[in-house]
Protein chains: 2
Amino acid sequence: MAVTMADVARRAGTSIAVVSYVVNGGPRPVAARTRERVLAAAAELGYRHNRVAAALRSGSSGLVGVVLPDTVNPYFAALGQRLEEALSASGKLMVVANSGYDGQRQAAVIDALLGAQVDGLIVVSAPGADDPAGLAAESGVPLVHVHHRPPGSDTTLVAADNAAGVAAAVAHLRGHGHGHDRVDFLAGPTDEGPVGDRVAAWRATGVPGELLRSEYGRAAAARLVAGLKAAPRALVAATDEQAVGVLAGCGAAGIEVPGRLALISCDGSSETGFTVPPLTTVEQPLAEMARRAVRHLLGEPVPGTPPTATLAIRRSCGCSHPGFSGVGATD
Amino acid sequence: MAVTMADVARRAGTSIAVVSYVVNGGPRPVAARTRERVLAAAAELGYRHNRVAAALRSGSSGLVGVVLPDTVNPYFAALGQRLEEALSASGKLMVVANSGYDGQRQAAVIDALLGAQVDGLIVVSAPGADDPAGLAAESGVPLVHVHHRPPGSDTTLVAADNAAGVAAAVAHLRGHGHGHDRVDFLAGPTDEGPVGDRVAAWRATGVPGELLRSEYGRAAAARLVAGLKAAPRALVAATDEQAVGVLAGCGAAGIEVPGRLALISCDGSSETGFTVPPLTTVEQPLAEMARRAVRHLLGEPVPGTPPTATLAIRRSCGCSHPGFSGVGATD
DNA sequence: CTGAAAGCGCTTACAG
DNA sequence: CTGAAAGCGCTTACAG
């Protein structure tokens with residue numbers, strides 16, 4: 001049915017070994033004229049390289065598994081897209097799987113990915129998930145965590161350094177005419193993972209303020225705001241999702257942002273440019289994180305110092321900004 | 001290195017054929033005691049089924065390729081997630097690829113997917129993309145378009161019926177105390193694809209109003225609003241992205257929504273529950289669309305009538321809504 | 001530079 | 001119910 005290397009070889013009057021050499025550009029040299037004949041035959045016959053046969057023989061499937069807690073969350077969606085870009089630049093195909101923030105499901109999904117003989121695994125650990133390092137090692141598959149790894153794990157983690165960015169956010173709310181003397185922080189339910197680092201960075205500034213907590217979803221953050229007797233005057237939210245929830249809660253409660261509450265979020269996914277008002281954020285260097293994760297999988301050298309998140313100023317902090325939110329934004 | 005069926009067979013004192021039968025649950029029956037021995041041996045040895053070897057022999061890789069214009073767009077992200085759910089319920093793994101709204105890239109990506117021997121292809125056609133039906137047929141791979149297929153294509157398309165939903169949106173703006181006598185419509189740059197259907201549905205209502213156009217991105221819609229001398233009083237936007245852009249543009253221009261401009265969008269992705277104000281939308285039945293697409297690929301019967309989009313009322317239309325936007329929303 | 005042949009780990013007739 | 005064996009389409013030593 002499908003055209004095989006044998007068909008091409010027959011048509012080009014050569015062997016399948018030679019066809020393989022030209023299709024793969026190696027590992028043996030092929031005379032220019034032979035190569036032409038092979039290429040012509042392949043084109044005429046409509047030959048398509050069968051990656052699964054190649055995978056079985058060579059041990060490399062060309063597939064990389066990416067496990068994300070929730071691909072609908074714009075932050076993870078953007079990370080996924082960056083990963084796909086980085087992967088496809090190396091000729092790899094991305095197989096994504098949602099864990100749904102569920103450790104059990106994450107394990108199941110990794111199992112399926114390993115069964116598909118992925119060449120590598122990139123995982124954003126679900127809270128409470130087991131460290132998949134053992135499983136990956138058993139199968140000889142390289143593994144790298146991005147954004148979050150299980151507590152106690154010593155697998156490679158690619159994550160941004162948020163300390164300077166959070167400090168800049170806090171300093172921005174205090175200075176620049178915003179002049180808040182207190183800056184509150186909205187964290188997650190626990191201090192596990194990257195959010196914990198952000199909380200620590202906020203604490204390290206020594207600026208007075210209250211620590212608030214909510215689940216990570218938008219609805220939970222909106223609910224928190226609705227239930228507050230006195231809303232903060234200046235707040236840094238640990239994630240975009242929470243900040244969007246705060247905005248929704250403020251909108252419903254008639255609390256003006258930034259007039260009554262100055263808000264800065266962390267993540268900087270694309271949605272933050274189009275909220276009302278547009279969110280000032282501590283932007284994560286997702287493209288760089290994706291590149292590093294892929295380099296790590298491929299065994300290429302990776303810089304020792306983490307990439308840094310940086311403050312992107314829009315309007316939710318109280319800064320005025322020329323024109324509407326979308327100026328300069330590319331969606 | 002890896003444990004194979006031969007290893008398991010040896011340990012269980014049986015043949016690899018029998019191991020295959022128990023691993024796959026068929027196609028031949030196996031005696032209960034033999035099956036026990038095989039299962040025990042597999043567990044002891046840590047056997048993992050090698051899907052690529054199985055794929056080469058059986059012709060089925062267990063992989064389904066999904067091509068999306070932009071996985072960061074919440075609408076497509078949500079569709080992707082639903083597809084993954086539907087696919088994994090059938091034991092398939094999803095390989096996603098972004099076309100970036102680019103026909104060339106879409107072709108390249110489909111080529112890679114076909115090379116990976118996917119069992120099926122689900123594509124949301126990029127504007128201007130060639131119909132991949134020929135390529136898919138050549139490889140004997142079933143193909144289904146979702147949401148949008150190339151003009152003139154006669155491949156199977158799974159899309160929602162928006163006529164009733166759009167009509168309901170227009171009627172809602174006219175009646176229910178909103179009482180607008182004109183309802184404008186914000187379309188895309190052309191009337192190709194699903195947005196064209198929505199425009200047609202708006203026209204079919206016969207309600208007076210102006211047809212506005214912008215590119216699909218948020219920024220473009222925001223820019224459009226900024227450039228308007230007189231903003232509409234009542235507007236239906238063809239997509240969530242455009243509606244979010246309109247909201248951003250209105251926020252920057254000081255146009256109150258819904259006070260000054262009543263807005264309804266189409267799509268109903270999760271972000272619309274958390275805008276300020278929350279968007280009333282014509283919600284697409286994504287889960288049902290995903291299920292149908294998968295059923296089609298698997299050759300299972302699919303209902304003849306398309307699933308319908310339905311109006312979900314929140315606040316941007318002018319309705320008041322108890323509590324804050326997030327009530328009842330699940331993120 | 002080229003070719004014949006083994007073998008990757010399975011599935012699946014086929015024979016018992 | 002079970003087993004020996006062919007073969008899926010490649011890649012890769014190996015020999016020429």
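Order of the sequence lines fixes the chain letters, A, B, ..., with proteins taken first and strands second; residue numbering starts at 1 for each chain.
Between B:Asn50 atom CG and D:dC8 atom C1' there is a gap of 13 Å when expressed in whole angstrom units. Atom CG of B:Leu56 is separated from atom P of D:dG7 by 14 Å (rounded to the nearest Å). The interatomic distance linking B:Gln117 (CD) with D:dG9 (C1') rounds to 9 Å, in whole Å.
Side chains of A:Arg51 and A:Ser61: a donor-acceptor N/O pair is absent below 3.5 angstrom, by distance only. Side-chain contact, A:Thr14 with A:Arg37: no donor N or O sits under 3.5 Å from an acceptor N or O. Side chains of B:His145 and B:Ser125: a donor-acceptor N/O pair is absent below 3.5 angstrom, by distance only. Counted by atom type alone, A:Gln81 and B:Asp70 present one or more donor-acceptor pairs between their side chains at under 3.5 Å. Side-chain contact, A:His147 with A:Gln284: no donor N or O sits under 3.5 Å from an acceptor N or O. For the residue pair A:Ser60 / A:Ser58, no side-chain donor-acceptor distance below 3.5 Å is found, with atom types taken as modelled.
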Output the pairing pattern of DNA chain C as a dot-bracket string, 5' first, Watson-Crick or G-U wobble with both distances under 3.5 Å, | for cross-strand pairs, [ ] for crossing pairs. |||.||||||||.|||
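Counting only distance, with no hydrogens or angles, the side chain of B:Thr4 and the backbone of B:Ala6 share a donor-acceptor pair below 3.5 Å.
Comparing the same atom, P, in C:dT2 and in C:dA6 gives a spacing of 23 Å after rounding to whole Å. C:dG16 and C:dT12: their C1' atoms are spaced 16 Å apart (whole Å).
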Step by step, work out the side chain to side chain donor-acceptor pair (under 3.5 Å) result for B:Asp161 and B:Thr308. CA-CA 5 Å; B:Asp161 180 354; B:Thr308 61; over 6 Å; no
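At C:dT2, one or more side-chain N or O atoms of A:Thr34 fall inside 4.0 Å of OP1 or OP2 (strictly under the cut-off). Checking the phosphate oxygens (OP1, OP2) of D:dG9, no side-chain nitrogen or oxygen of A:Thr4 falls inside 4.0 Å.
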Nucleic acid footprint by protein, nucleotides 11-16 of chain D - heavy-atom cut-off 4.0 Å, B for base, S for sugar-phosphate alone: BBB---
